[in-house]
Structure formats: C-alpha cells, structure tokens
Amino acid sequence: MALESRITQEEIKKEPEKPIDREKTCPLLLRVFTTNSGRHHRADEFARGNVPSSELQIYTWMDATLKELTSLVKEVYPEARKKGTHFSFAIVYPDPRGKVYRLKDIGSTISGRKGADDSMTLQSQRFQIGDYLDIAITPPNRAPPINTRMRPF
C-alpha cells in the first residue's frame, strides 16, 4: 500500500521558520546585483562564470527580510533612498538540468511604504547559499515595469 503526501503549498508556507540566532550563527555572503533600469538582469548575463558588473556583497543571514535588504542597498546607493523607489527582488540560481541560470521573482518593496512582501525572508523563498540576488530598482518618477508573466485571468 502506497502513501501519498497531502501537504499543500499553503501548508508548507505556514510552517514556522526556525529562528536564527544571529549571535551564534555565522552570516553568509550574499552576492547582490542591481540595476537602475527597473528591469532585472537577463539570465544569460550570469552564464559561463560571468556576472554583471554592478555587484554588491552583503553579509547576512537566511532570515533576512526583503525590507532589511532594501535598507542595506539604500545605504550604498543614495539615489535609491527617495520615497517611492521600487525594489523588485529575484533569486538567480543555476538550473540543475543544464549550464544556464534561472531567475525567480520573489517579491518587492517600496521605499517609505509598508508592503505585503516586506517581511518575506530569503529562507521562506528557498534561497540556497551560492544563489545570487538580483534587485531591479525603479526610481519613484517612473512606474515599475509591468510583469509580463502576469495573465489577465
């Protein structure tokens, strides 16, 4: 008799994350790549050991929230501090089936406003050590690009 798991994606997301003791846990090196165009880097820009030139290295923990990462990026890029600046986050990871990279949109924050994705963590989005983070920064005077993956239904 075979048993099937009846756990849904919603139940997986509801599982509480193990709290990370930042005093006792060594931080990881997070390689972050940013653009000011409002669009993410193309996946092929990460191919064959190459990476985009706009790298920012951050030491952080798996329980880092998108809001926390937003504030760290704003420390480095003064132009991103303006209220209303939109930050769109994507994990860049190697595709296990080939020698290519994939981007997975994980959420967004807006400088000076509270949002639904602010408390989202790297861990909750299945970030793995060695993955990259790509952040598309859109200034407040330009609307963020419409996600072409969204469907009207």
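Treat the numbers as computed from the prediction; the structure is a model and nothing was measured.
Residues passing the side-chain hydrogen bond (donor to acceptor under 3.5 Å, both in side chains) test with Asp44, sequence neighbours excluded: Arg42. Residues passing the side-chain hydrogen bond (donor to acceptor under 3.5 Å, both in side chains) test with Ser88, sequence neighbours excluded: His40. For Lys67, the side-chain hydrogen bond (donor to acceptor under 3.5 Å, both in side chains) criterion is met by no residue, not counting sequence neighbours. Looking at residues two or more places apart in sequence or on another chain, you find a side-chain hydrogen bond (donor to acceptor under 3.5 Å, both in side chains) between Ser111 and Lys74.
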side-chain contact (heavy atoms from CB on, under 4.5 Å) between Asp131 and Val92, intermediate numbers included:
CA-CA 6 Å; Asp131 291 348; Val92 182; over 6 Å; no

Is there a side chain to side chain donor-acceptor pair (under 3.5 Å) between Thr65 and Ser119 once you walk through the steps?
CA-CA 5 Å; Thr65 64; Ser119 60; over 6 Å; no

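Closest heavy-atom contact between Ala90 and Asp105: CB-OD1, 3.8 Å. The two atoms that bring Thr138 and Gly38 nearest to each other are OG1-CA, 3.1 Å, heavy atoms only. Of all non-hydrogen atoms in Ser108 and Asp117, the two that sit nearest each other are N-OD2, 3.0 Å.
Sorted by first and then second residue, the pairs that involve residues 81-100 and meet salt bridge (charged side-chain N to carboxylate O under 4.0 Å, His left out), not counting sequence neighbours, are Asp95-Arg97, Asp95-Arg102.
Thr35 has its side chain out of reach of Ile137: every pair of non-hydrogen atoms, C-beta onward, lies at least 4.5 Å apart. With contacts defined as side-chain heavy-atom distances shorter than 4.5 Å, the pair Gln128/Tyr93 does not qualify. Taking 4.5 Å as the limit, every side-chain heavy atom of Leu66 sits out of range of all side-chain heavy atoms of Asp118. Leu133 has its side chain within reach of Ile106: a pair of non-hydrogen atoms, C-beta onward, lies under 4.5 Å apart. Using a 4.5 Å cut-off on side-chain heavy atoms (C-beta onward), Glu45 and Val51 make no contact. Counting heavy atoms from C-beta on, the side chains of Arg22 and Asp63 come closer than 4.5 Å. Considering only heavy atoms from C-beta on, Tyr132 comes within 4.5 Å of Phe33 through its side chain. Residues Phe87 and Leu69 are not in side-chain contact: their nearest non-hydrogen atoms beyond the backbone lie 4.5 Å or more apart.
Judged by distance alone, the side chains of Gln125 and Gln123 never bring a donor and an acceptor atom under 3.5 Å apart.
In this structure, Trp61 contributes its side chain and Thr25 its backbone to a donor-acceptor pair below 3.5 Å. Thr121 places no side-chain N or O within 3.5 Å of a backbone atom of Ala64 that could act as its donor or acceptor partner. Of the possible polar contacts, one joining the Asp134 side chain to the His41 backbone as a donor-acceptor pair under 3.5 Å is found. A distance-only check finds no donor-acceptor pair linking the side chain of Ser124 to the backbone of Met120 [under 3.5 Å].
Put simply, Val100 and Phe46 are part of two different groups of oily side chains (I, L, V, M, F, W, Y) that touch within less than 4.5 Å, one to the next.
Grouped by direct or indirect side-chain proximity (heavy atoms under 4.5 Å, Ile/Leu/Val/Met/Phe/Trp/Tyr only), Leu29 sits with Tyr59.
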